[in-house]
Novice: 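Handing you this structure, nothing more for now.
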Amino acid sequence: GTTTVNVTYAASGDLTEVNHVHFRLDTNPEVMDLSFDGVYQFTNVPASSHLLTGYLARADHSKIVGSDDSVSFTTTVPDVTPPTVSIIAPAASSTISGVVTVTASSTDDGGVLGVQFLLDGANLGAEDTTAPYAVSWNTATALNGLHTLTARARDTAGNTSTSSPVTVTVNNASSNIPFTKVII
């Protein structure tokens, strides 16, 4: 990946002979800032360590002795790639009851900070910040019928992604105990 580097510079002292500035980034050819406005931009700079050198120049491009300066810096490309996440269990279209463990798998090139499970779009428990990512779900807290589970992963750069939904059927036996009224 590459990035843009914005250079700001200032010149002081006797500037009567100064016309512009010359820059060299690493071993690339010299470039000139003929506007001499204190800013210059390099584009498509690879992510790595760099050395920027520069000097003041006269109109004929001759170097003004003693005006050399340099700075070392490192560029990085921001992480804009979200993590991947998918629900492993329970299986899609399965019928479940009682207490089940909902598990997900998540990976990211920069690292996964956590996975938040969602039941019908609402948080199911707290975000799990350590793999393997899982949450215990007491299905008795949900009505019998179809429910949708998803998992949302968050990486170290703050990128998020949500898994494909997994639809399950909750089928808990009725807790109503039938009784017979005895008439005496």
Side-chain angles (χ1 to χ4, degrees), residues 1-11 21-33 35-54 68-94 96 99-139 141-142 146-170:
T2 62
T3 187
T4 298
V5 175
N6 293 309
V7 176
T8 57
Y9 62 92
V21 64
H22 283 223
F23 289 115
R24 180 187 305 270
L25 182 60
D26 303 323
T27 57
N28 294 311
E30 278 190 3
V31 293
M32 298 171 279
D33 185 7
S35 66
F36 197 55
D37 60 359
V39 294
Y40 190 80
Q41 186 177 77
F42 289 91
T43 58
N44 298 317
V45 178
S48 66
S49 297
H50 299 283
L51 175 65
L52 175 66
T53 57
D68 299 82
D69 203 358
S70 65
V71 62
S72 296
F73 63 95
T74 301
T75 57
T76 57
V77 176
D79 176 4
V80 294
T81 305
T84 61
V85 60
S86 59
I87 292 186
I88 300 170
S93 301
S94 61
I96 57 176
V99 177
V100 296
T101 300
V102 182
T103 58
S105 169
S106 182
T107 58
D108 184 75
D109 58 353
V112 175
L113 282 183
V115 172
Q116 175 66 60
F117 291 91
L118 297 106
L119 170 62
D120 299 327
N123 286 353
L124 178 62
E127 181 184 54
D128 189 348
T129 56
T130 54
Y133 304 104
V135 65
S136 182
W137 174 30
N138 181 353
T139 63
T141 62
L146 292 176
H147 293 278
T148 303
L149 295 166
T150 52
R152 184 176 56 238
R154 182 171 57 95
D155 73 9
T156 55
N159 301 307
T160 62
S161 65
T162 302
S163 69
S164 296
V166 169
T167 302
V168 295
T169 302
V170 170

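Everything numeric here is computed off the predicted structure, so don't read it as measured data.
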Novice: With heavy-atom distances below 4.5 Å as the criterion, would you say the side chains of Thr162 and Val85 are in contact?
Specialist: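 No; the side chains remain at least 4.5 Å from each other.
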Novice: Between Thr167 and Thr148, is the side chain to side chain contact (heavy atoms under 4.5 Å, CB included) condition met? List the steps.
Specialist: CA-CA 4 Å; Thr167 302; Thr148 303; 4.0 Å; yes
Novice: Heavy-atom distance under 4.5 Å between the side chains of Leu51 and Ser70, does that happen here?
Specialist: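 In contact.
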Novice: About how many Å separate OG1 of Thr4 and CG of Asn44, when rounded to the nearest 0.5 Å?
Specialist: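 Answer for the CG-OG1 pair, Asn44 versus Thr4, is 7.0 Å.
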Novice: Hey, what do you get for CG (Asn123) to CZ (Phe117), rounding to the nearest 0.5 Å?
Specialist: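 That separation rounds to 11.5 Å.
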Novice: Where does the angle between the aromatic ring planes of Tyr9 and Phe36 fall among parallel (under 30°), tilted (30 to 60°) and perpendicular (over 60°)?
Specialist: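 Aromatic pair Tyr9/Phe36 classed tilted.
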Novice: Out of the candidates Val39, Leu52, Val71, Leu25, only one should pair with Val7 under the side chain to side chain contact (heavy atoms under 4.5 Å, CB included) rule; please name it.
Specialist: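 For Val7, the side chain to side chain contact (heavy atoms under 4.5 Å, CB included) test succeeds with only one of Val39, Leu52, Val71, Leu25, which is Leu52.
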Novice: Give me the atom names and distance for the closest heavy-atom approach of Thr160 to Pro82.
Specialist: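 In terms of heavy atoms, the two residues are closest at O-CB, 3.5 Å.
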Novice: Which residue pairs pass the side-chain hydrogen bond (donor to acceptor under 3.5 Å, both in side chains) test when at least one of the two sits in residues 102-113, sequence neighbours left out?
Specialist: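 Every side-chain hydrogen bond (donor to acceptor under 3.5 Å, both in side chains) pair that includes a residue of residues 102-113, provided the two are not neighbours, is Thr84-Thr107.
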Novice: Report yes or no: does Asp79 contribute a side-chain atom to a donor-acceptor pair with the main-chain N or O of Thr156 at less than 3.5 Å?
Specialist: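 No.
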Novice: Should the pair His147 and Trp137 be assigned to parallel (<30°), tilted (30 to 60°) or perpendicular (>60°) ring geometry?
Specialist: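 Perpendicular, since the angle between the ring planes exceeds 60°.
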Novice: Classify the side-chain pair His50/Thr75 by whether it contains a donor and acceptor separated by less than 3.5 Å.
Specialist: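 His50 vs Thr75: donor-acceptor pair found between side chains.
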Novice: Check salt bridge (Lys or Arg N to Asp or Glu O under 4.0 Å) between Arg154 and all other residues, then give those that pass, not counting sequence neighbours.
Specialist: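 Checked Arg154 against salt bridge (Lys or Arg N to Asp or Glu O under 4.0 Å); matches are Glu127.
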Novice: Which heavy atom of Ala151 sits nearest a heavy atom of Ala104, and at what distance?
Specialist: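 Taking Ala151 first and Ala104 second, the nearest heavy atoms are CB-CB, 4.0 Å.
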Novice: For Ala89 and Ile87, which heavy atoms make the closest approach, and how far apart are they?
Specialist: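 It is O-CG2, 3.5 Å.
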Novice: Check whether any side-chain heavy atom of Tyr40 sits under 4.5 Å from a side-chain heavy atom of Val5, and report yes or no.
Specialist: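 Contact flag for Tyr40/Val5 side chains = no.
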Novice: Any heavy-atom pair between the side chains of Val100 and Ser136 that's under 4.5 Å?
Specialist: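 Ser136 vs Val100: side chains apart.
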Novice: Looking at every non-hydrogen atom in both residues, tell me the closest pair between Ala92 and Val166 and how far apart they are.
Specialist: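 Looking at all heavy atoms of both residues, the closest pair is CA-CG1, 3.5 Å.
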Novice: For a quick test of reading the model, state the closest non-hydrogen atom pair linking Leu113 to Asp155 and the distance between them.
Specialist: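 Closest approach of Leu113 to Asp155, heavy atoms only: CD1-O, 3.7 Å.
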Novice: Who passes salt bridge (Lys or Arg N to Asp or Glu O under 4.0 Å) against Asp37, sequence neighbours left out?
Specialist: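 Testing Asp37 for salt bridge (Lys or Arg N to Asp or Glu O under 4.0 Å), a comparison that skips the adjacent residues, returns none.
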Novice: Considering non-hydrogen atoms only, spot the tightest contact between Val168 and Ala91 and give its length.
Specialist: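 Closest heavy-atom pair between Val168 and Ala91: CG1-O, 3.8 Å.
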